2 protein chains.
Amino acid sequence: MPKPRFVPRIRVVREETIILGPGKADLLDAIQRTGTIRDAAAELEMSYMRAWNLVRTMNDSFREPLVTTTRGGSEKGHATLTETGNQALKIYREMERAAEKAAAPVFAKLKKLMN
Amino acid sequence: MPKPRFVPRIRVVREETIILGPGKADLLDAIQRTGTIRDAAAELEMSYMRAWNLVRTMNDSFREPLVTTTRGGSEKGHATLTETGNQALKIYREMERAAEKAAAPVFAKLKKLMN
């Protein structure tokens, strides 16, 4: 039987709004990798509209936008992570790693109870 | 503006199955508190069928069932956490606390970037 494992998922929230979570962090990753919101959305199998809404929520929640886009010219449609975007993503991943590392020894106790 | 905060959500998985996560842990809590799966389901606004399915998934994933129920007699419908159920819930909450504590200082850095 495959071994059980655990995944720490961090939600950064303000009231009912998720400012940053697993989905938004993956979107930032995909934008960084693909260079456009359209390709990032396709990769994550979400609609372009939904990806834009997630970007807008993130951009509105930080002092500086996390993602900027080029509206015209030869770079039209290009999306890029700002310095703040890069930092936010990096810190978020660091939170995930810190959570995982701290919970791992506790999980070892849970595993003993499992099949 | 209300302050941002973060919530660590731990998923214990085996392949695609979530063995224990926020919803199942809350269900165990509610069963412990209410003493029946029906009342626990109502409290969490989930169907009785769904609550039973979650209980079955948990019970099948551990060496001992986490929840036992009384099928007849004056205690009919009564549900209770087993010793393993109590332990699993306690360890799960401990994982959440460990994750939160470890991620908190990292989150302080993220907050500085936020509105």
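Below, all heavy atoms of this structure are taken into account, side chains as well, without hydrogens, waters or symmetry copies. Remember, it's a predicted structure, so these values are computed and weren't measured experimentally.
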Contacts with chain B made by [range] (heavy-atom distance under 4.5 Å), listed by residue number:
| range | result |
| --- | --- |
| residues 46-54 of chain A | none |
| residues 80-88 of chain A | A:Thr84, A:Gln87, A:Ala88 |
| residues 94-115 of chain A | A:Glu94, A:Met95, A:Ala98, A:Ala99, A:Ala102, A:Ala103, A:Val106, A:Phe107, A:Lys109, A:Leu110, A:Lys112, A:Leu113, A:Met114, A:Asn115 |
| residues 6-30 of chain A | A:Phe6, A:Val7, A:Pro8, A:Arg9, A:Ile10, A:Arg11, A:Val12, A:Val13, A:Arg14, A:Glu15, A:Ile19, A:Leu20 |

